[in-house]
Amino acid sequence: MRRFKMLEEKFFIRLSALFTYSLIAVLAFIIIVIFYKGFAALNWDMVFKTPRGGYYYGGEGGVLNAITGSLYISIGATLIAVLIGMPAALYLNVQLIRYRRTQNTIRYFLDALWGIPSIVYGAFGFTLMLFFGMNASLLAGIITVALLISPIMVRTFDEVLCTIPKGMHEASLALGSTRTETAFRIMFKQGFPGFITAVLLSFGRGIGDAASVLFTAGYTDNIPVTLDEPAATLPLAIFFQLGSPIPEVRDRAFAASIILTIIILFISIGARLLSKRYSKTNLK
């Protein structure tokens with residue numbers, strides 16, 4: 001019997017290891033394929049120039065308009081999501097700490113919002129545009145992406161706040177602090193490393209999404225100057241270039257994919273480093 005248990009344990013350990021390394025292998029395979037197909041087309045012009053006449057037919061230029069538009073939309077949406085998500089997560093874990101059923105109900109709806117496909121958010125944003133008489137623009141894209149990533153922001157930060165010992169919350173109230181002071185001076189400070197991670201993960205989700213901005217942000221070869229101008233994004237640039245019958249343009253799509261992948265990898269690494277740094281600071 002003991003030998004059977006040992007064999008069973010080894011089997012599941014190796015099975016878990018197989019699945020873990022398979023995920024790493026899939027990620028490595030995706031990156032290798034993208035670099036293999038797009039590296040030859042990647043150059044400084046793609047990064048630092050906007051499309052010129054006939055770019056999508058093999059002409060000169062780059063995707064600076066899409067890079068800038070993606071950064072504008074994701075940064076603006078992340079700022080809105082922070083203004084919504086941080087107070088919501090703190091309220092959920094401080095003001096509603098005695099109401100478990102209400103907490104669980106709110107978390108259920110947030111999880112449901114998290115799981116809604118991004119194209120649905122795009123359709124909802126398009127409906128809002130029609131209702132308010134707006135055109136496809138940078139502002140419409142920011143609002144739509146903010147709606148998309150806000151549930152991610154709230155739930156990620158909420159999970160971090162749930163790990164903080166409840167004794168700290170109770171001790172703060174026992175010393176005469178108000179619930180608002182407890183929320184921002186105790187809970188937020190202790191959960192700050194997780195808050196940084198939530199912000200960067202939401203930013204990465206926003207910059208890589210195409211469906212939510214398909215009908216709301218529009219597309220242009222120029223860099224937007226005002227909020228009511230249309231804005232190009234990297235995911236849509238990749239989508240349009242992959243649909244071209246010209247091999248050179250399709251290669252540029254993979255080169256743009258390399259740029260987007262590098263941006264998201266830097267965001268992921270930054271989230272790790274900042275989280276570790278502020279975790280050590282809090283421990284001191």
Side-chain angles (χ1 to χ4, degrees), residues 66-93 95-96 102-161 188 191 194-220 224 226-239 260 263-264 267-268 271:
I67 296 173
T68 306
S70 291
L71 291 174
Y72 282 170
I73 289 175
S74 53
I75 290 173
T78 302
L79 290 175
I80 294 175
V82 167
L83 295 176
I84 296 173
M86 183 186 67
L90 290 172
Y91 178 80
L92 190 61
N93 286 271
Q95 301 291 342
L96 299 180
T102 304
Q103 279 184 324
N104 293 333
T105 302
I106 293 174
R107 285 169 180 152
Y108 171 79
F109 281 110
L110 288 171
D111 289 338
L113 288 172
W114 191 337
I116 293 175
S118 58
I119 189 66
V120 177
Y121 283 98
F124 178 72
F126 183 70
T127 304
L128 288 179
M129 284 170 48
L130 294 178
F131 180 79
F132 289 105
M134 297 173 59
N135 296 320
S137 61
L138 177 62
L139 178 60
I142 289 174
I143 293 173
T144 305
V145 174
L147 293 173
L148 172 68
I149 65 176
S150 289
I152 301 174
M153 174 77 69
V154 178
R155 283 297 284 131
T156 305
F157 193 33
D158 172 51
E159 289 297 326
V160 173
L161 294 176
F188 179 73
F195 174 70
I196 293 295
T197 302
V199 170
L200 293 177
L201 288 177
S202 299
F203 179 84
R205 179 70 172 86
I207 200 173
D209 190 75
S212 62
V213 296
L214 183 60
F215 306 113
T216 55
Y219 199 83
T220 178
T226 60
L227 289 174
D228 61 347
E229 293 183 5
T233 59
L234 272 173
L236 287 184
I238 295 168
F239 172 75
L260 181 58
I263 292 173
I264 293 176
I267 292 169
S268 300

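Here the structure is a predicted model, which means the values were calculated and not measured.
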Could you list all the ring pair (Phe, Tyr, Trp, His ring centres under 6.0 Å) pairs where at least one residue sits in residues 125-160, not counting sequence neighbours?
F157-F195
Which heavy atom of [X] sits nearest a heavy atom of [Y], and at what distance?
{"X": "A140", "Y": "T216", "value": "CB-O, 3.4 Å"}
{"X": "I73", "Y": "A217", "value": "CD1-CB, 3.8 Å"}
{"X": "L71", "Y": "F203", "value": "CD2-CZ, 4.1 Å"}
{"X": "V145", "Y": "S212", "value": "CG2-OG, 3.7 Å"}
{"X": "P224", "Y": "A231", "value": "CG-CB, 3.9 Å"}
{"X": "G85", "Y": "M153", "value": "CA-CG, 4.0 Å"}

Who passes side-chain contact (heavy atoms from CB on, under 4.5 Å) against [X], sequence neighbours left out?
{"X": "L96", "value": "Y91, L92, Y99, T102, Q103, I106"}
{"X": "P230", "value": "T220"}
{"X": "Y219", "value": "Y56, N65, D221, A232, L236, A237, F240"}

Can you check whether V199 reaches V82 side chain to side chain, under 4.5 Å on heavy atoms?
yes
Evaluate the side-chain proximity of S150 to S202: yes if any heavy-atom separation is below 4.5 Å, no if none is.
no
Rounded to the nearest 0.5 Å, what separation is found between the [atom1] atom of [X] and the [atom2] atom of [Y]?
{"X": "N104", "Y": "R107", "atom1": "CG", "atom2": "CZ", "answer": "6.0 Å"}
{"X": "L90", "Y": "D158", "atom1": "CG", "atom2": "CG", "answer": "10.0 Å"}
{"X": "S74", "Y": "I263", "atom1": "OG", "atom2": "CD1", "answer": "8.5 Å"}
{"X": "M129", "Y": "I143", "atom1": "CE", "atom2": "CD1", "answer": "10.0 Å"}
{"X": "F124", "Y": "L148", "atom1": "CZ", "atom2": "CG", "answer": "12.5 Å"}
{"X": "L138", "Y": "T233", "atom1": "CG", "atom2": "OG1", "answer": "11.0 Å"}

Taking N93 for its side chain and A89 for its backbone only, find out whether a donor-acceptor pair lies under 3.5 Å.
yes
Hey, could you give me each pair passing side chain to side chain donor-acceptor pair (under 3.5 Å) that has a residue in residues 125-148? Not counting sequence neighbours.
none
Residue pair I149, I80: steps toward the side-chain contact (heavy atoms from CB on, under 4.5 Å) verdict:
CA-CA 10 Å; I149 65 176; I80 294 175; over 6 Å; no
So does F188 have more than 12 non-hydrogen atoms from other groups sitting under 6.0 Å from CZ?
yes
For residues 110-121, tabulate all N or O donor-acceptor pairs below 3.5 Å that involve a side-chain atom, not counting sequence neighbours.
| from | atom 1 | to | atom 2 | distance (Å) |
| --- | --- | --- | --- | --- |
| D111 | OD1 | R155 | NE | 2.8 |
| S118 | OG | D209 | OD1 | 3.0 |
| Y121 | OH | L113 | O | 2.7 |

